[in-house]
Amino acid sequence: MIKITLPDNSVREYEEAISGYDIAKNISQSLAKEVLAITVNGEIWDLQRLITTDSKIKLHKWDDEEGKHAFWHSSAHLMAEALEALYPGIKLGIGPSIENGFYYDVDLVDGRVISDTDFPKIEAKMKELAQQKNEYRRSEISKKDALDFFTKKGDEYKLELINDLEDGTITLYKQGNFTDLCRGPHLPDTGYIKAVKILNVAGAYWRGDEKRKQLTRVYGITFPKQKMLEEHLVLLEEAKKRDHRRIGKELELFTFSQRVGQGLPLWLPKGAQLRERLENFLKKIQKLYGYQQVITPHIGLKELWVTSGHYEKYGKDSFQPISTPAEGEEFLLKPMNCPHHCEIYKHKQHSYKDLPVRYAEFGTVYRYEQSGELHGLTRVRGFTQDDAHIFCRPDQLKDEFKKVMDIISIIFNALDFQNFTAQVSLRDPDDKTKYIGSDENWEKSENAILEAVKEKNLNYVVEYGEAAFYGPKLDFMVKDALGRQWQLGTIQVDYNLPERFELEYIGADNQKHRPVMIHRAPFGSMERFVAVLIEHTAGKFPLWLTPDQVVILPISEKYNDYAKKVLNFLNNCDIRTLIDDRNEKIGKKIRDNEMKRIPYLLIVGEKEFENETVSVRVQGDGDKGSMNMNEFADLITNEVKAQTENYKIN
RNA sequence: GCCGAUGUAGCUCAGGGGUAGAGCGCUUCCUUGGUAAGGAAGAGGUCAUGGGUUCAAUUCCCAUCAUUGGCUCCA
């Protein structure tokens with residue numbers, strides 16, 4: 001007798017070993033049709049694998065990550081089978097499921113390539129194989145047999161993977177004529193896969209190592225129903241419409257010029273306005289938190305970064321030094337602001353009573369990003385950090401850290417960024433040589449971050465090996481419209497620079513002590529933040545931030561004079577107002593200005609002129625009736641106030 | 001930097017060995033209107049740049065530059 005406990009704690013008893021599929025069938029036919037995988041005592045299994053002992057189980061359908069994982073992982077095998085059939089002699093790397101679909105890394109050998117014109121062929125082959133409803137059969141063999149098998153097959157990549165596995169049994173999965181090294185789980189058969197789309201193809205280094213061979217990575221996605229694929233493709237289209245590069249062009253926020261250089265954004269008037277408003281907002285908050293603005297030059301002597309240790313680490317990958325013609329002094333375009341700020345700290349002696357000292361600067365920095373890495377405003381070669389450096393006593397570190405977290409949460413709340421991940425980046429425990437500074441300091445700062453995060457009740461993940469070379473950090477990560485993750489805000493603890501720049505303060509004991517430094521940037525960079533904000537809002541910025549708040553649309557040219565009167569009135573109330581006095585019908589003006597995402601549209605014609613009113617339309621929400629100018633001005637002013645004053649200093 | 005793709009009017013894109021097209025935008029004219037596209041005419045392109053093949057290249061080939069999807073990197 002085998003007892004099977006379901007997630008609701010109900011128990012089912014079976015005479016003999018039973019598969020997950022049969023349990024599902026036993027519960028209901030419709031469940032059996034939908035179930036894709038099963039968790040047995042915390043381990044994910046194939047549905048057909050027999051359960052022989054009392055177990056706790058959970059059945060996974062498409063809605064579960066586990067269900068999708070099994071589905072896409074099985075699809076990766078199906079694609080590999082298709083690729084083997086279409087490209088004989090192909091060698092296989094790895095083929096996992098990912099957040100949206102799956103990929104397989106393959107070595108095509110003989111210099112063959114796959115390009116997007118080949119996709120239909122691959123899709124057709126996959127569908128053909130899927131229709132054969134070949135079972136995914138699991139088998140367990142010894143490591144030696146596995147090595148023999150893949151030696152015969154000539155798959156050197158699989159051999160390398162097997163050699164790295166521990167001795168013991170190794171599982172293989174076979175469907176049709178295709179056998180792959182795999183932990184599973186998989187679908188019962190290929191017939192579950194009804195809709196197939198190959199998405200793109202890319203180069204990917206074997207095992208992520210740029211010194212090793214570059215394989216061809218083929219990305220795809222599959223679904224149990226054709227309709228789901230169609231919906232997914234619509235979603236991808238929608239996401240593309242939110243792309244900041246597209247909206248940035250549409251709304252004339254920023255541009256790039258080949259003649260200026262790649263990765264060097266040019267902020268157009270409207271984008272500059274938006275950015276300036278964000279900067280002023282942060283400045284206001286920082287002032288309340290005791291920050292002082294400083295200004296430093298865009299270049300500095302190379303020695304500055306030799307001292308900081310950055311030159312050794314990044315020097316050869318940066319823009320190369322520029323030198324003075326007569327003396328041959330070497331300068332670097334500054335890749336970060338910290339050394340300049342350290343020198344500001346050093347301009348005078350500090351007492352322990354004066355700390356913490358907080359220097360802030362919207363500092364523009366230049367980094368030589370690899371050409372293939374550039375991407376819209378999110379990855380550029382010249383950008384402005386909303387940088388600040390806090391110099392504090394070691395006993396103030398945790399508190400200061402928490403205050404920075406407060407500033408970040410004010411910013412994120414004001415801009416309605418709820419969907420972020422906090423990532424604590426610590427040292428790689430296996431390779432401490434990548435880092436500089438003493439073990440003791442690293443431990444102190446790693447603990448300070450972890451404690452601060454816990455005390456602030458932040459949801460966070462810990463990533464080992466992601467720390468900066470000089471210290472651990474706390475990063476705030478958000479996703480863009482296409483699901484790519486970007487780092488926005490960051491807080492970093494640094495014992496290293498104070499050491500290297502010999503920063504000091506005089507303690508209560510009248511002795512010299514070393515301060516601790518915190519680097520922090522709530523936005524991260526203005527460029528990246530604005531990019532993510534564009535995608536987050538689809539270009540519909542909050543009223544306080546948007547470049548143009550109101551547009552006045554006269555019904556005909558007869559009312560242009562009245563419209564101008566309204567325009568002057570609103571502009572005098574500090575409301576950013578435009579007028580659309582083109583010789584167009586009102587429907588056309590409404591459409592055009594709706595598409596410019598201007599929050600309020602005011603329609604003025606005969607009626608409004610007579611009654612000294614305006615007819616109000618809210619962007620995306622239609623006609624709101626009429627009101628007089630004062631009422632409307634109050635409406636706008638109050639809305640802006642509510643948006644910008646909704647925070648407190650703790 | 002590496003692998004793949006792309007580059008045609010201000011924007012979005014079609015085309016194709018015989019020196020170019022649409023829609024939107026722009027200019028002018030008609031129209032003066034009531035809540036998401038009124039009508040007409042016109043201007044605008046060395047088809048990214050440089051080579052090569054050809055009687056002829058924007059089209060085919062090569063290189064460069066830029067953009068783009070990934071990989072690696074990200075102080």
Side-chain angles (χ1 to χ4, degrees), chain A residues 103 105 108 113-118 199-219 243 245-246 249-250 252 255-259 261-263 305 308-315 317-318 334-339 365 367-376 378-381 385 387 436 466-471 473 475 482 484 486-487 490 492 494 496-497 519 525 528 553-560 582-595 601-608 615-620 622-626:
Chain A
Y103 67 79
D105 284 348
L108 289 161
V113 292
I114 294 178
S115 75
D116 40 14
T117 49
D118 302 315
L199 295 169
N200 50 48
V201 58
Y205 301 108
W206 171 234
R207 306 200 109 179
D209 185 345
E210 96 188 282
K211 290 182 190 73
R212 305 198 64 181
K213 183 159 186 182
Q214 191 162 56
L215 306 181
T216 302
R217 177 169 296 180
V218 186
Y219 286 87
D243 193 312
R245 292 166 297 186
R246 182 190 180 115
K249 215 178 253 177
E250 263 172 42
E252 298 187 347
T255 188
F256 289 88
S257 153
Q258 279 194 36
R259 310 180 74 171
Q262 58 176 166
W305 288 280
S308 74
H310 290 103
Y311 190 77
E312 192 197 342
K313 189 94 182 161
Y314 297 104
D317 303 321
S318 297
K334 69 177 173 187
M336 78 280 299
N337 305 298
C338 13
V365 298
R367 297 177 183 179
Y368 179 81
E369 304 287 356
Q370 299 188 76
S371 61
E373 264 312 326
L374 300 173
H375 178 91
T378 48
R379 192 80 186 262
V380 287
R381 284 179 171 170
Q385 298 177 310
D387 211 356
I436 55 180
E466 292 294 312
F469 74 94
Y470 53 74
K473 51 182 187 167
D475 291 326
L482 298 172
R484 289 174 289 212
W486 297 98
Q487 177 208 306
T490 181
Q492 312 181 358
D494 189 351
N496 171 57
L497 278 189
H519 309 245
S525 89
R528 180 175 295 174
L553 315 178
I555 293 283
S556 81
E557 287 173 353
K558 276 191 248 166
Y559 309 103
N560 282 356
R582 292 176 303 162
N583 178 7
E584 294 290 350
K585 286 192 169 181
I586 195 66
K588 170 76 167 163
K589 290 189 190 181
I590 288 171
R591 179 182 157 81
D592 288 352
N593 288 287
E594 285 270 351
M595 300 222 293
L601 282 63
L602 298 184
I603 289 154
V604 297
E606 183 66 25
K607 250 185 343 196
E608 290 76 14
S615 279
V616 181
R617 254 189 91 97
V618 176
Q619 203 272 345
D623 192 359
K624 295 290 163 200
S626 61

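Throughout, protein chains are lettered first and strands after them, A, B, ... in sequence-line order, and every chain is numbered starting at 1.
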query: Do the side chain of A/E369 and the base of B/C74 come within less than 3.5 angstrom through a donor-acceptor pair of N or O atoms?
result: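 By the distance-only test, no, there is no pair.
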Under 4.0 angstrom, heavy atoms only, what part of the nucleic acid is [X] near: base, sugar-phosphate, or nothing?
| X | answer |
| --- | --- |
| A/V365 | nothing |
| A/I586 | sugar-phosphate |
| A/H375 | sugar-phosphate |
| A/Q258 | sugar-phosphate |
| A/K585 | base |

message: For B/A75, is there a stacking contact with A/Y314, counting only centres under 5.5 Å and planes under 30°?
response: yes
field: 5′-ward residue of the pair A/D317/A/G622 relative to RNA chain B
entry: A/G622
- prompt: Considering heavy-atom distances to RNA chain B, does A/F469 or A/Q214 have its closest nucleotide positioned more toward the 5' end?
  reply: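 Closer to the 5' end of RNA chain B: A/Q214.
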Think [X] has a side-chain N or O under 4.0 angstrom from the OP1 or OP2 of [N]?
| X | N | answer |
| --- | --- | --- |
| A/R484 | B/G70 | yes |
| A/K473 | B/A75 | yes |
| A/R245 | B/U68 | yes |

Got a salt bridge between [X] and [Y], using NZ or NE/NH1/NH2 to carboxylate O under 4.0 Å?
| X | Y | result |
| --- | --- | --- |
| A/E466 | A/K473 | no |
| A/D592 | A/R582 | yes |
| A/D209 | A/R207 | no |

statement: For B/A43, the nucleotide meeting Watson-Crick or G-U wobble distances (both under 3.5 Å) is none
